[in-house]
Protein chains: 2
Amino acid sequence: MKKHPTIYDIAKKADTSTATVSRVLSNSDYPVRSELREKIKKVAKEVNYIPNMIGRQLKTNNSMTIGVIIPSITNPFYSSIVLGIEDIARSRGYHVFLCNSHRSPQLEEEYLKTLFEKQVKGLIVSSISPDKNLLGALVQKDLNIVAFDQTIEGLNSSQIHFDYRKGGYMATEYLIKKGHRKIALISSPLTRPSRISVYKGYLNALENYNIEIDKSLIQIASREYEEFERSYEFRNGIELTRNLLKCSELPTAVFVCNDMTAFGVMNELNKQGINVPEQISVMGFDNIEFSEMITPPLTTVQQPDYEMGKLACNLLLDQLDGKIVENVDIMLQPRIVNRSSVLDLESSLLKN
Amino acid sequence: MKKHPTIYDIAKKADTSTATVSRVLSNSDYPVRSELREKIKKVAKEVNYIPNMIGRQLKTNNSMTIGVIIPSITNPFYSSIVLGIEDIARSRGYHVFLCNSHRSPQLEEEYLKTLFEKQVKGLIVSSISPDKNLLGALVQKDLNIVAFDQTIEGLNSSQIHFDYRKGGYMATEYLIKKGHRKIALISSPLTRPSRISVYKGYLNALENYNIEIDKSLIQIASREYEEFERSYEFRNGIELTRNLLKCSELPTAVFVCNDMTAFGVMNELNKQGINVPEQISVMGFDNIEFSEMITPPLTTVQQPDYEMGKLACNLLLDQLDGKIVENVDIMLQPRIVNRSSVLDLESSLLKN
DNA sequence: CACCTTTTAGTAATCGATTTCTATTTTTAA
DNA sequence: TTAAAAATAGAAATCGATTACTAAAAGGTG
């Protein structure tokens, strides 16, 4: 275990005090004779000095560090968000502790606790825990929190919402306007507010256009996500599609609650020899990076993941820097991304 | 700015000293009367004490933190690795600083410096910088480093290699054994040792099976990756496929240097009405999570990303914990993942 | 020139823990 | 019964920085 030079070593070598060394090396505007200033810098460079931020942190009580808690970094939606967060954090001098909760409330709580111990100044969280007490307690303790992805009722923090209901509505309306009437829904379990909202949007749109709701066309996963399970959404899509195809009358379109699941749907349809979009149209939700890469490229609802990450981080750091005092609630709007997985029944009818 | 209770507050309340409080609360095996021990614990719970790790770190010089530097977390190969790293780190009590270098040597250097300032105990790095001096200097300064993905010549650290040459060889050989003779290669620029190795593997296999090398079938990107650019590989695949298709005679198979690029290749082939694998077979490299999700599912070479992350982290922490003293070099072996994007010319010939 | 202000730099306290000493008290062994 | 060993706990030093305070020197003003 080697010992690194400290400001004490530099002070000794430059024949001055630690106070002055600190002033010079931490770019304080406290006046120091330029001659001495240069001498200290020279010595610092000579001994290859690298400041120990732990020492500084203890005194200044500013770790310049934030924590990010997400379900899993391998989900491209979250990895884009994390990239956005990290890009902003770096540009503003902050570092990021990354935490994958694997959708486990226990893990999430453990992380919350250790992040707090490590003196993070702020938190960006996609919370899964039904128990908001811990998160609330942290807010009490003067920890700035920005919640995203999942709305947390009654939490005194800034939140970034996405209009999931509207997204679900727009997606369904889009299919309706393309002439579809038999529109199936494939969804992950309705265990989260966001998913329930998407589902509601689907129902609202059907109602609004006077289309009868056919329960046999609605496939919602019952199997819960297992911690540490990978490719859950994809397999879900496959499974639910199989179920759906068992119903006698095929739908002309399927609205899938997220793109990863939509990949599973398309995979299974393809396996069963059903063409997308000729026989069944597929509409996704999220617009992850891969959605444009598959064949056919997926028509979907855009959730601005990378931008959301940047927004969340800027918001948090603005609060930390005191630029914003009040909590902020931001509602992001969905946008349809038009690609090739949805067939326009109207125009294809005209051709015939 | 609220002030949190410290061991000093607890000592006062429990009518004892900070030394004893510290002994009790940090689970030291220093003997403390069980009566007093309980009293301290009770008081700590009462005031809702949460230890300040910065204070501990300063004294013990152990941050229980490691840094991870990768090009970009949105690349599924790296996100899987990071997940593996983080899962192990957490289970062993460590936290992870995540850093996206965006393949910028400047950013990488900046991160290296700030991570060191933040007193990380170890580093897991996929280095991009051609200048190994800084990394080397950090090794000098008693920082444990595990390098992966990119071999770093002459760096005194543990390294996790992947046998890229063999992977390239196996992929090409696989295509040859399926009866292919006109095998194209599509690759990102040969600016990294790993890519050069894959390329060599391709050439070696052709030579070994006495197949003449046709330069018109070899498409290597000239355009460099731009920092912060997204979906680079995908677009590269599209572009290079267009170039390839300009050569008069179509190949029967394409070997693509990574799966993301292969997605671009398949996308462009599809757009041009060329069926995969009936008209052209596509072989990938990496086996990212999405490779099984596209149509047709991609036959590819497995790089064990998640396992690699776990391995790298366990290796690093074993070194930090003193379980391993010597540097370790691990060479991971490629494995062919057989899916549906490659046609067996032999057996399909038999059918005709 | 005397007084006040500004500049400059060092001393020492401080942040919140851990840990080395030192000093009791209790237990064990002879 | 007494000396040595073990158990117990507090005082104070320490980790590496920052910063409040103090103080000397330099500069300005009437």
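The model shown is predicted, which means the values in this text are computed figures rather than measured ones. To find a chain, count down the sequence lines: A is the first, B the second, and so on, and within it residues start at 1.
A donor atom on one side chain and an acceptor atom on the other are found under 3.5 Å apart for N327(A) and N156(A). At a cut-off of 3.5 Å, with distance as the only test, a side-chain donor of Q319(A) or S158(A) sits close to an acceptor on the other residue.
For the pair R37(A) CZ and dA9(C) C1', the computed distance is 12 Å after rounding to whole Å. Between L58(B) atom CG and dT18(C) atom P there is a gap of 12 Å when expressed in whole angstrom units. Rounded to whole Å, the distance from CG on N61(B) to C1' on dT19(C) is 14 Å. Computed from coordinates, the Y49(B) OH to dA17(C) P distance equals 3 Å when rounded to whole Å. The nearest whole Å value for the distance from the CG atom in D15(A) to the P atom in dT11(C) is 11 Å. Whole-Å rounding puts the K39(B) NZ to dA9(D) C1' distance at 13 Å. At whole-Å resolution of the value, CE in M53(B) and C1' in dC15(C) are 16 Å apart. Note: CD (Q57(B)) to P (dG16(C)) measures 14 Å, nearest angstrom.
T6(B) has no side-chain polar atom (N or O) that falls below the 4.0 Å cut-off from OP1 or OP2 of dG16(C). Distances shorter than 4.0 Å separate none of the side-chain N or O atoms of S28(B) from OP1 or OP2 on dT18(C). Residue R23(A) has no polar side-chain atom (N or O) positioned under 4.0 Å from OP1 or OP2 of dA9(C). Here S22(A) does not reach the OP1 or OP2 of dG16(D): none of its side-chain N or O atoms lies under 4.0 Å away. The side chain of Y30(B) contributes no N or O atom lying less than 4.0 Å from OP1 or OP2 of dA6(D). A close approach under 4.0 Å does occur between a side-chain nitrogen or oxygen of T20(A) and OP1 or OP2 of dG10(C).
Comparing atom distances between the R56(B) side chain and each of dA17(C), dG16(D), dG10(D) picks out dA17(C) as nearest. Listed nucleotides dA9(C), dA17(C), dT18(D) differ in distance to N52(B); the shortest reach to its side chain belongs to dA17(C). With distances taken from any side-chain atom of T60(B) to the nucleotides dT18(D), dT18(C), dG16(D), the minimum falls on dT18(C). Checked against dA17(D), dT19(D), dA17(C), the side chain of I7(B) finds its nearest nucleotide in dA17(C).
With the nearest nucleotide of DNA chain C identified for both G55(B) and A19(A), A19(A) has the one nearer the 5' end.
Put simply, the side chain of L311(A) does not reach to within 4.5 Å of the side chain of F148(A), judged on heavy atoms.
Taking the six-membered ring where the residue is Trp, F97(B) and H95(A) present perpendicular rings, their angle passing 60° and hence far from 30°.
In the interface, the side chain of K59(B) is paired with the base of dT14(D) through a donor and an acceptor atom under 3.5 Å apart.
Taking the six-membered ring for Trp and the full ring otherwise, F116(B) and H4(A) have centroids separated by under 6.0 Å.
In this structure, D321(B) places its CG atom where more than 12 heavy-atom neighbours from other residues, nucleotides or ligands lie under 6.0 Å away.
Nucleic acid contact class of L36(A) (heavy atoms, under 4.0 Å, all strands): sugar-phosphate only.
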